[in-house]
2 protein chains.
Amino acid sequence: MDLTERKLKILQAIIADFVRTAEPVGSRTISRNYELGISPATIRNEMSDLEEMGYLTHPHTSSGRVPSEKAYRLYVNELMGKKELSESEKMVIAQKLYQNVNELDNLIERAAHVLSEITNLTAFALSPGKELDKLRYINLIPVDERTVVLMIVSESGKVSNTAVQLDRPVEDETLRILAKNMTYNYSGKTLSEALKMDIIKNFREDAEAMAMFRNNVMPGFLRTLEDMLNVNLYMDGLTNIFSIPEYNDIEKAKSFFEVLGRKEDIRQKLIARDDGMIITIGGENQDADLSECSVVTATYHVDGKLVGKLGVIGPTRMKYDEVTSVVEYLTDNISKAFMITGGEDTDDGKDRGD
Amino acid sequence: MDLTERKLKILQAIIADFVRTAEPVGSRTISRNYELGISPATIRNEMSDLEEMGYLTHPHTSSGRVPSEKAYRLYVNELMGKKELSESEKMVIAQKLYQNVNELDNLIERAAHVLSEITNLTAFALSPGKELDKLRYINLIPVDERTVVLMIVSESGKVSNTAVQLDRPVEDETLRILAKNMTYNYSGKTLSEALKMDIIKNFREDAEAMAMFRNNVMPGFLRTLEDMLNVNLYMDGLTNIFSIPEYNDIEKAKSFFEVLGRKEDIRQKLIARDDGMIITIGGENQDADLSECSVVTATYHVDGKLVGKLGVIGPTRMKYDEVTSVVEYLTDNISKAFMITGGEDTDDGKDRGD
DNA sequence: GTTAGCACTCGCACATAAAGGGTGCTAACA
DNA sequence: TGTTAGCACCCTTTATGTGCGAGTGCTAAC
């Protein structure tokens with residue numbers, strides 16, 4: 001059987017109606033509300049064909065049709081026009097996005113918030129992957145007799161530090177040597193490389209510095225590196241599911257929250273997704289718990305480095321055109337923001353430790 | 001009418017039963033399951049009295065009795081025995097608490113998690129209030145030509161820093177002077193005092209340092225102070241409400257999530273609560289949205305300073321004795337942990353800026 | 001003061017009925 | 001041959017009625 005022009009139009013109408021109302025849509029509804037110039041009976045015949053072809057399903061013998069996943073896939077791939085956001089919409093989004101933002105991780109969190117607010121779905125965002133970020137500068141700053149602060153600065157500009165308690169007082173000079181040594185050894189290495197390096201053997205020269213390092217600084221150093229590598233997952237708009245008819249069932253709501261409560265899982269799954277605008281519909285998601293959901297994600301990045309993700313999760317019946325536009329607009333904005341703040345100075349200052 | 005011994009016993013039995021089952025409890029149930037040696041009819045008479053006195057209510061003309069808020073209040077104040085945790089329970093809690101903990105804020109977060117897990121309620125925790133924390137040490141560390149890191153260490157041991165972009169290269173010497181100046185001016189001040197001080201006038205001596213400060217460092221300094229003052233709110237076990245019969249209604253669940261979603265509100269309200277073990281029952285909570293909930297909070301602290309809170313929110317029908325025991329045990333543990341890690345060295349190192 | 005007995009009240013679960021929206025088929029039509 | 005009107009039929013939803021069970025309140029007896 002052929003997917004004629006008319007069948008496509010009818011399919012599209014059914015999808016549009018179902019997305020809006022969440023109710024199975026009947027032939028009369030289509031004929032009334034969409035000006036296709038054909039009668040309900042004809043539409044019924046076409047619907048019957050579409051069902052046979054796998055694009056529609058019947059919840060029950062009577063009652064209207066519901067688009068299948070195959071239909072959504074077709075819609076997303078072929079039928080869906082790109083929805084351009086109006087200038088005023090863009091303004092609103094941008095304004096919300098940059099409200100109260102002063103750090104980049106903050107911006108990511110904010111993006112998830114805005115996204116959930118605009119789409120009325122559950123949104124999430126991954127902070128930039130740090131696998132590609134490199135160490136730039138390490139310092140040990142004495143605070144008092146037995147406390148030093150270990151400071152690590154990465155090329156992306158992230159600063160991280162840990163207070164380290166020493167087992168005995170240490171000369172400033174020793175700290176200086178150690179810091180210089182560490183900067184020399186590690187700058188230019190990615191965080192994960194640094195994490196794997198056999199650190200000890202790089203400190204043969206100065207026995208005291210080496211002992212200091214091994215006993216006091218190393219644990220904090222490793223922990224801080226791990227911490228810097230961590231990709232944060234932000235979620236927002238979880239409660240939006242309560243306004244989705246599909247989740248008016250308490251059991252469904254519960255399982256939804258349970259799935260999304262396992263943040264570590266979610267993070268792994270998001271990280272594993274391909275880059276670019278990716279839409280997975282219903283069963284296309286490996287996870288059985290998500291087999292009634294669609295997930296839309298897109299990546300933001302700065303010249304191929306530092307890639308993070310942004311997306312939503314919602315019922316398969318979602319406004320794919322609108323969602324993709326908003327997600328795209330947001331990732332564009334984030335990428336831009338990273339360009340401005342993050343990418344500037346890549347000259348290193350490894351010799352300026354004082 | 002008098003609250004006779006027998007009436008109290010009956011009331012206690014009703015509360016115990018209702019807390020366990022969430023079902024209105026009838027006279028037969030009491031006579032069957034609690035050995036009071038009196039017949040259902042007698043119990044009915046007593047119940048009738050208790051209702052008149054305001055301790056019980058009738059959901060409907062038939063069907064058993066439900067404890068009123070007044071009853072819970074009486075129970076909490078007078079009837080409830082202190083439930084001692086067994087050693088093995090304590091072990092389990094302590095073990096869960098210290099799993100994966102390496103920072104103090106982390107411990108607070110963990111405590112909320114454990115608390116929700118043990119009580120099957122929604123738990124929250126406030127990180128230590130920082131109003132009493134004082135600045136100890138400030139430094140400016142050159143990273144490269146135009147980047148310095150502003151580092152602030154507080155007496156409680158919290159380290160915070162911001163990367164600051166300079167409008168022009170600055171001598172290390174200038175940074176050193178400025179950092180020394182700042183440390184001299186601010187150390188010993190509480191964070192909020194420092195935030196309010198007229199900063200500029202303290203830098204008359206050195207024109208260059210002053211200009212540097214005004215143009216580059218000040219914004220980051222203020223922002224970082226604000227950041228350090230922030231009291232974090234952690235919540236855990238939100239989905240536990242799905243296992244509470246009272247919230248089997250989707251509308252109730254929704255409004256619960258909506259109330260707890262307004263984190264800023266929650267935070268303010270928790271901060272505003274008195275110190276010590278505080279139990280507010282139903283309507284005693286000002287907030288209308290919480291009029292069907294009870295809130296239990298307790299404070300942890302280190303010699304009167306650095307006070308934070310820990311607690312749960314759940315249906316008025318909760319195991320007050322168990323909840324208070326667990327909360328108390330956890331706050332004790334947190335206080336202890338702060339003592340070990342936080343309270344040690346209070347000697348300042350203001351002159352060790354390098 | 002306590003208890004047994006009994007009529008009465010609700011709420012709940014279940015069955016039954018009616019309504020409404022939709023289909024599928026057939027036959028007529030252009 | 002594609003389109004349409006008509007109609008029987010299907011299934012869900014909603015309303016209605018009924019019986020049951022748990023529980024009360026009252027009265028009278030102990």
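The analysis underlying the following values was restricted to heavy atoms, covering all of them including side chains, and did not include hydrogens, waters or symmetry mates. First the proteins, then the strands, lettered A, B, ... as listed; each starts at 1.
- Near DNA chain C, meaning a heavy atom under 4.0 Å away, the residues from residues 33-45 of chain A are A:R44.
- Although no hydrogens or angles enter the test, the distance criterion places a donor-acceptor pair under 3.5 Å between the side chain of B:K309 and the main chain of B:R273.
- Residues B:F242 and B:F256 keep their aromatic ring centres 6.0 Å or farther apart.
- Scanning for salt bridge (Lys or Arg N to Asp or Glu O under 4.0 Å) contacts around B:K70 gives an empty result, with sequence neighbours left out.
- Using a 4.0 Å cutoff on non-hydrogen atoms, the parts of residues 55-66 of chain A near DNA chain D are A:H60, A:T61, A:S62, ordered by number.
- With sequence neighbours excluded, no residue forms a side-chain hydrogen bond (donor to acceptor under 3.5 Å, both in side chains) with A:K9.
- Between D:dA5 and A:R28, no contact under 4.0 Å exists linking OP1 or OP2 to a side-chain N or O.
- Residue A:S27 forms a side chain to side chain contact (heavy atoms under 4.5 Å, CB included) with just one option from A:R65, A:R44, A:E46, and that option is A:R44.
- At a non-hydrogen distance threshold of 4.0 Å, nothing from residues 15-27 of chain A comes into contact with DNA chain D.
- One end of the helix from C:dG1-D:dC30 to C:dA30-D:dT1 points its axis 10° away from the other end's axis, with each axis taken from 5 pairs and the angle rounded to 10°.
- Considering only residues two or more places apart in sequence or on other chains, A:S86 meets the side-chain contact (heavy atoms from CB on, under 4.5 Å) condition with A:S88, A:E89.
- Under the side-chain hydrogen bond (donor to acceptor under 3.5 Å, both in side chains) criterion, A:D274 pairs with no residue, sequence neighbours left out.
- Proximity of a side-chain donor or acceptor of A:N285 to a complementary backbone N or O of A:C293 within less than 3.5 Å is detected.
- With sequence neighbours excluded, the residues forming a side-chain contact (heavy atoms from CB on, under 4.5 Å) with A:M277 are A:V296, A:A298, A:T324, A:V327, A:E328, listed by chain and number.
- Residues satisfying the side-chain contact (heavy atoms from CB on, under 4.5 Å) criterion with B:N45, sequence neighbours excluded, are absent altogether.
- Remark: A:Q12 engages A:Y75, A:L79 in a side-chain contact (heavy atoms from CB on, under 4.5 Å) (not counting sequence neighbours).
- Qualifying side-chain hydrogen bond (donor to acceptor under 3.5 Å, both in side chains) partners for A:R110, counting only residues two or more places apart in sequence or in other chains: A:Q99.
- Nucleic acid contact for A:S31: none, since no nucleic acid atom lies under 4.0 Å from a heavy atom of the residue.
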